[in-house]
Amino acid sequence: MELEKAYNPKEKEGEIYQMWEKGGYFTPKKTHKKPFDKTQGRPFTIIMPPPNANGALHIGHALFVTLQDIMIRYHRMKGDSALWLPGADHAGFETQVVFDKKLEKEGRKKSEIPKEQLLKEMMDFTLSNKQIMENQLRKLGASCDWTRAKFTLDDDIVKVVYSTFEKLKQDGLIYKGNRLVNWCAKHQTTLSDVEIKYEERTDPLYYIKYGPFKLATVRPETKFGDTAIAVNPKDNRYKNYVGAEVEVETILGKAKIKVIADESVDMEFGTGAVKVTPAHDFADYETWQRHKNEIPGPKIVIDKYGKMNELAGPYAGMKILEAREKIVADMIAKGLLDEKEIDKNYKHNVAVCYKCGTVIEPTLMDNQWFVKMTEKPASGGLSLRDLAVEAVKNQEIKFTPQRFEKIFLQWMENLRDWNISRQIPWGIPIPDEKSKLKTQKSKITTEENEPEQVFDTWFSSGQWPFATLQNTQKGDFEYFYPTSVMETGADILFFWVARMVMLGIYITGKAPFKDVYLHGLVRDKDKQKMSKSKGNVVDPLGTVEQHGADALRMALVFANSPGQDIAFSEDKIIAQKRFANKIWNASRFVLQQANTLQTSDVWKSPDIGCLIESKADEEILKALQETSKEVTKDIETFQFHEAAQKIYHFFWHTFCDVYIEQTKSQIANCKSQNEKGNTANILLYVLRESLKLLHPFMPFITEQIYQMLPNKDAKALIIAPWPE
RNA sequence: GGGUUCGUAGCUCAGUUGGUUAGAGCGUUCGGUUCACAUCCGAGAGGUCGGAGGUUCGAAUCCUCUCGAACCCACCA
C-alpha cells in the first residue's frame, strides 16, 4: 500500500469519525458491576457542559472538547465504561441578548413581534445553531455519545426542573419576595448577583442640606425615596437627634423625616450622616429591615425604564441622569446644596449589567422568585450553601487546580438569596399560581395579569448532571451518577459549578461529580476575551479545515496548563501540523520496512522481548514503557500538557531521531532475514503503542494509521487496549 | 478593603511534591541530507528564572518583604 508523501488531514477525518460513530464506539456498555473497582474497570462519566446554542463554536469550545475527549478516550481504551454525554443549552438570557441584537440588525422591534411568533423564531434560531454546533463537535473529534444527547428545553428536562422547583417550594427554600432586585433597564429584566459586575467610576459626590444635617450622596435624584436619616449610634455629633423627627426643607417643600441610629454608618465618611433610600439601594434596604418599626417602608421613585416616577414631582418622566442634573441645579439655586462643596473626583464602584454595561438599578419588586441559600429546608438537613461547603470540605469534590477550592468556599461565605426570575421571553416559564387559578375558575379575571417570567437559565443547567442521566437510558442514573469529572471554564465557577453542586446534592443526596477541572480562557491574539455576544470569536472549524483537527487539538493541549489563560496563535498549530506529518512519515517508513522485510507473522507473538537484537532495541522498548507510565500518570492527574509534551518528545526525538535512524544501519547489517524481520516487528510494535498513547490527543491520524497496521490488536484504535 | 494568578531564552509559554550542565515551539547561526518526512537531521548562540533578604548541604521551586501586570470577590452613601 502506497502512502501519500505528506499527511493530508482533510481527506479522511470525516470518514474516520463516521466509522467511529456508526461502529457504536461512543456508546458505552454498562458491563461493570457494583462495587466498581480498578481491576474490572468502572464507569467514567463526563457530562459535557452544554454549549450555548446561540452561535457557532469558538476556540474555547475546542479546548474543552480536547481536554474532555482526552479523558474519555483514555478511559475507554483502559476498559472503563466511558460516557461523555453531550448536550445543548438554550441559554436563556445569553441567547436573548444575541437574538435581540440580531433583531436590531434586521431593523425589527421586539415589542412589535407577537410573543408566540417571537418564541417560534427563537426556537428555530436555537435549533439551527444546535445542529451546526453538533456537527462542529464531530469535526473536532468529540467522541461523545450522541444517542444520549440532551437539550435543556427537552420535555423531560423541563419536567425535572419543575419538580425541583416544587421540592424547593415545599421545603420552604423558594419564596416569592417583595425584595430588592438588580434591574437592567436595557434588557428589561432582573439579574442575579453573579450577572452583575462592578465598574469603577468617578462621579461627583454632593453634600445636600437636610434640615440640620448635611448628607453626602452620589445620587441626589433618589432623595424623593428617602425614608430616614441614619447616623452611627456612637456618633456624638448627632446623638440628640436619634429617634427624633426633624423638619427639613426640600426642593419639593417642607417635609419631616426620622433620624435613626445604625451601626452600618461610617462616621468617617462624608458627614457621618446618610440618607436612607430603601427602594433603590441594597445597604439602605437592609437598614430599613433593621428599623422596620421606626420608619416608613420603601418608596419607589424610579420606574423600570430608568425614569423618575410621579413621586419626583416636576422631575417625573426624566431619565435618571437628566433628573440628577436638574435637581442639583435647582438645589443650588435654592441654597440646599453648596456648589463649592461638590467633590468632583469621587471614585466608587457602580454595578452594571455584565452583558451591556447599563447601570443596574436596585429596585423593589414583588413578583420575584428567590431561592434561599443559607436556610435549612423544612424537611431537615443542611442549607443549600452548607451542602456544597460540606462536600468540598470533605473532599467529596476536589478541584484542579486546587486553589479554586479556596475561591469556591470564599464565595460561599457571603451568599445572598438567588433570584431565579427573569422577565425575558426565552426560557422555561416559571409556573404561575395565578394563571393556574384563572384556568380553573374562569370567574377570577379581575386579577391583573402578571407578566410571564422564566427561570434563570442557570437554575435549569444547575440540575444538568442528574436531569440528563435520569432521562437517557434506563439505569443510566444508577450506573453513571455521580459523574467523574466536571471539566469547564473557570469563568463559570459561580454561575454553574456552584449551582450544580448545591442542587445536585440537594436533589440526589450525592455530589454530582468527584473532580472539578477548570481550564482558563483561550484568548485572541490581543489577549482579549472571546465571546459570542462580542462577536470576536475565531472559528475553530476554519483551523480544522486548514490544518486538521489533530493539529488544533494538540496545539491547544500543548499550550494549556490548568486554570491558566492561553493565547491562541497559529504558529502553535503549524508546529503540531508538522508533528502530524512526522507521525505520518514515520509510519510510512515503518510500514515500508514491514512490507519488504516481513517474513513471518511473528508480530502476532505476545512476547516482544524475544525479538530484541540490539541495545537500541532494548532501549527503545524501555523508553516506550517509561513514556507509557508517565503519560498515564499525567492524564490521571489532569496534567494533560505534560502528557502531550512527553509523548510528542518520545515519538519525535526518541523513536524517530534515534531509534528509526539506528534501524536503518541495523537492518542493513543483519545477517539473516529473520533478524531483519525482528527489527521490523519492533518498529511496528513501538509504532502501534505510540499511536495508542497519541490517540487521545490526536485521534484522527492515529486511527487512520492504525487501520493500516498489520499488527492491529483491536478492530479500531479507539477501543484498542491502553499500553500498560 | 479582602483574595488569586502571572513576571523563566528575541517572542509565546512549560517546569507536579526543592536535587546533577533550567526546557519546548517559533525565530536565529553554522554544517549535513534530500535514500520515511512541501522537508528532516546534527551542532551552536541566547537566560545572574522581576528585585532584595531568609530557610537549606542544595531554590526558578519554600518563607518574608518589594516592584510591575492581569483578574476575582466585597452594600461604604
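Within every chain, numbering begins at 1; the chains are lettered A, B, ... in the order of the sequence lines, protein sequences first and strands thereafter. Since the structure is predicted, the reported quantities are computational estimates derived from the model, not experimental observations.
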Tell me whether [X] forms a cation-pi arrangement with [Y], defined as NZ or CZ under 6.0 Å from the six-membered ring centre and within 45 degrees of its axis.
{"X": "A:Arg324", "Y": "A:Tyr206", "value": "no"}
{"X": "A:Lys292", "Y": "A:Trp288", "value": "yes"}
{"X": "A:Lys582", "Y": "A:Tyr648", "value": "no"}

Given protein heavy atoms under 4.0 Å, the one-letter contact record of nucleotides 27-32 of chain B, with B base, S sugar-phosphate only and - none, is simply ------
Between the base of B:A36 and the side chain of A:Lys664, is there a donor-acceptor distance below 3.5 Å?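 Such a pair is found, so the answer is yes.
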Presence of donor-acceptor pair under 3.5 Å, side chain of A:Glu661 and base of B:A36: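 Indeed there is one.
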Let me spell it out: for each of A:Lys582 and A:His653, pick the nucleotide of RNA chain B with the closest heavy atom. Which residue's pick is nearer the 5' end?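 Nearest-nucleotide comparison on RNA chain B picks A:His653.
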Mind checking [X] for me? I need base, sugar-phosphate or nothing, with any heavy atom below 4.0 Å counting as a touch.
{"X": "A:Ala6", "answer": "nothing"}
{"X": "A:Tyr346", "answer": "sugar-phosphate"}
{"X": "A:Ile660", "answer": "base"}

Only counting residues at least two apart or in another chain, list the ones meeting side-chain contact (heavy atoms from CB on, under 4.5 Å) with A:Val194.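 Partners of A:Val194 by the side-chain contact (heavy atoms from CB on, under 4.5 Å) criterion, ordered by chain and then number, come out as A:Ser192, A:Trp411, A:Phe494, A:Phe495, A:Arg499.
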Tell me the interatomic distance from A:Asn560, atom CG, to B:A24, atom P, rounded to whole angstroms. 20 Å
Given the rule in the ring pair (Phe, Tyr, Trp, His ring centres under 6.0 Å) test, do A:Phe579 and A:Phe558 qualify, once you have shown the distances and angles that lead to the verdict? CA-CA 12 Å; A:Phe579 180 50; A:Phe558 236 67; 7.8 Å; no
For B:G1, what is the paired nucleotide under Watson-Crick or G-U wobble rules, both distances under 3.5 Å?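 B:C73 is the nucleotide pairing with B:G1.
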Identity of whatever pairs with B:C6 - Watson-Crick or G-U, under 3.5 angstrom: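 The base-pairing partner of B:C6, which may sit in any strand shown, is B:G68.
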Please verify the inter-ring angle class for A:Phe638 with A:Phe640; under 30° counts as parallel, over 60° as perpendicular, anything in between as tilted. perpendicular
